[in-house]
J.: 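Can you read through this structure? Questions will come right after.
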Amino acid sequence: MEVVMRYAPSTQCVHAGREDFADLGVHAPPVDLSTTYPVHDLDAGTASFDALVGGAAHAGNPIYARLHNPTVARVEQAIARLEQAEACVAFSSGMAGLSALLLAVRQHGGHMLAVRPMYGTADHLLSSGLLGIECEFVTVDQIASRIRPDTALVLVETPANPTLALIDIEAVVAAAGSVPVAVDSTFATPILQQPLALGARYVLHSATKFLGGHGDVIAGVIACAEADAKALRQIRAATGALLHPWAAYLLHRGLPTLALRVERAEANAETLVQRLLQHPAVAAVHYPGLNDPRDAALCKRQMRGRGCLIALELLGGQAGAAAVMRAVQLITPAVSLGSVDTLIQHPAGLTHRVLDAETRERTGITPGMLRLSVGIEAVDDLWADLAQALNAAIATELPLKAAA
Ligand SMILES: *Cc1c(COP(=O)(O)O)cnc(C)c1O
């Protein structure tokens with residue numbers, strides 16, 4: 001383990017969770033699809049059962065696949081390495097992971113704080129109070145004064161979905177005091193940002209996005225200290241929100257190229273931002289550190305790069321955004337992000353639809369906003385497609401203007 005920790009992140013991506021391959025005599029992770037495991041020694045089996053139900057990372061016998069799966073444990077170990085965490089717990093989706101976290105901290109108090117904007121469904125889960133925890137939405141400046149004796153968690157997402165607003169993780173940790181801070185770091189990936197090193201207690205990823213990276217697996221992970229992971233595993237064993245071993249295999253299959261994908265997509269994004277700023281159909285471009293000098297300084301301090309997501313606002317508003325969605329040919333008009341291919345979507349109409357219109361407005365999710373998840377294609381091909389789609393948006397507006 002100590003030897004492995006010395007390697008650079010791009011090397012970790014390739015080798016983490018594969019350290020025992022030479023001993024096993026394999027070159028790809030074995031997939032264990034068993035739902036149950038033979039128990040010939042009942043005393044040992046009972047001890048394993050007790051350990052796993054209690055949240056142990058592994059036991060002599062996995063007993064039953066809802067309690068433990070070696071293929072899932074392997075990718076958890078890999079992602080823990082990438083986040084430089086003691087442990088990682090994988091779930092059937094990012095939302096399943098967030099739900100488990102809320103249930104785990106709920107035992108310490110029924111109140112939490114969160115900063116908007118964040119992923120639409122996460123916002124919806126928190127504001128609905130569905131899991132019995134009352135969530136107050138606050139600004140970073142309000143955190144310290146809104147902490148109560150029963151505040152069990154502070155949750156932030158940075159960069160935020162979909163506006164790419166940045167939150168100062170160290171400032172949040174300082175304001176939260178002894179209350180644990182969870183950071184949804186999905187947009188940044190472990191390559192660009194490591195919240196645990198900045199004092200966060202939990203880092204969450206929708207592994208559906210960059211970690212999987214190929215648009216073919218839904219998964220969620222939480223990296224944290226072993227004691228916190230134990231509580232999360234107890235909840236996973238009890239509620240059944242486990243990651244299927246095939247999905248775990250696919251997730252692990254995506255990791256070796258993570259650093260490479262992020263570097264390439266980010267370089268593409270940097271170029272596209274510059275070109276978008278020049279295009280007559282575009283009213284505004286949002287990208288970490290682009291519009292606000294304070295964000296730029298924070299970005300330098302907190303992240304290793306600005307990432308692969310861009311939000312743009314069309315001069316033509318909702319109609320302009322719809323025209324771009326209709327016109328793209330190479331770029332896929334679809335929700336989700338972090339895939340090898342470039343995706344574009346309309347937050348107000350899709351991912352952030354569940355928020356009420358007033359909240360969307362207040363958090364900067366405008367009708368003319370599109371979110372672009374930049375992939376690894378050749379940037380000139382991406383720009384050619386984007387430029388023709390933006391031109392199509394202008395063309396759709398002209399008859400409207402003429403009629404008005
Ligand atoms: C997609 C996403 C989620 C939810 O993850 P799922 O895997 O879709 O359940 C949470 N947070 C962010 C930032 C996301 O982009």
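No experiment lies behind these values; they were computed from the predicted model shown. Indexing begins at 1, ligand by ligand and atom by atom, following the structure's order. All residue numbers refer to positions in the sequence shown, counting from 1.
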J.: Can you tell me if D141 and T139 form a side-chain donor-acceptor pair at under 3.5 Å?
T.: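 Short answer, no.
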J.: Counting only heavy atoms closer than 4.0 Å, does ligand 1 sit against the backbone of L337, its side chain, both, or neither?
T.: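 Side chain only.
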J.: Any carboxylate oxygen within less than 4.0 angstrom of a Lys/Arg side-chain nitrogen, looking at R81 and E19?
T.: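 Yes, charged N to carboxylate O under 4.0 Å.
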J.: How close does the nearest protein non-hydrogen atom get to atom 5 (O) of ligand 1, and which residue and atom is it?
T.: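 Here the nearest protein heavy atom works out to S206 OG, 3.0 Å.
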J.: Taking only heavy atoms of D184 into account, list the atoms of ligand 1 that are under 4.0 Å away from them.
T.: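 Selected atoms, number and element: 10 (C), 11 (N), 12 (C), 13 (C).
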J.: Is the closest basic N to carboxylate O distance between E263 and R304 below 4.0 Å?
T.: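 No, this pair does not count.
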J.: Between V53 and Q234, which heavy-atom pair has the shortest distance, and what is it?
T.: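 Heavy atoms only, the tightest pair is O-CG, 3.4 Å.
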J.: Taking 4.0 Å as the limit for heavy-atom contacts, which would you say applies to K209 with ligand 1: side chain only, backbone only, both, or neither?
T.: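 The answer is the side chain.
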J.: Without hydrogens or angle criteria, can the side chains of N69 and H244 be said to hold a donor-acceptor pair below 3.5 Å?
T.: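 No - no donor-acceptor pair under 3.5 Å links their side chains.
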J.: At under 4.0 Å between heavy atoms, which part of A219 makes contact with ligand 1: side chain, backbone, both or neither?
T.: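 The answer is the backbone of A219.
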J.: For N161, counting its heavy atoms only, list the atoms of ligand 1 lying under 4.0 Å from any of them.
T.: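 Reading through ligand 1 atom by atom, the close ones are 15 (O).
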J.: Any idea which protein heavy atom is nearest atom 7 (O) of ligand 1, and the distance to it?
T.: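 Answer for atom 7 (O) of ligand 1: T208 OG1, 2.7 Å.
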J.: Are any of the N or O atoms of F187 closer than 3.5 Å to those of ligand 1?
T.: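 For ligand 1, there is no N or O atom that lies under 3.5 Å from one belonging to F187.
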J.: Among all the protein's non-hydrogen atoms, which is closest to atom 4 (C) of ligand 1, and how far away is it?
T.: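 It is Y119 CE2, 3.4 Å.
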J.: Which pair of non-hydrogen atoms, one from L370 and one from L314, has the smallest distance, and what is that distance?
T.: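 Heavy atoms only, the tightest pair is CD1-CD2, 3.8 Å.
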J.: Counting from 1, what ligand 1 atoms have a heavy atom of E157 closer than 4.0 Å?
T.: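 Once the distances to E157 are compared, the set is 13 (C).
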J.: Any salt bridge between R306 and D295, counting N to O under 4.0 Å?
T.: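 Between D295 and R306 there is no salt bridge, as every charged N stays at least 4.0 Å from the carboxylate O atoms.
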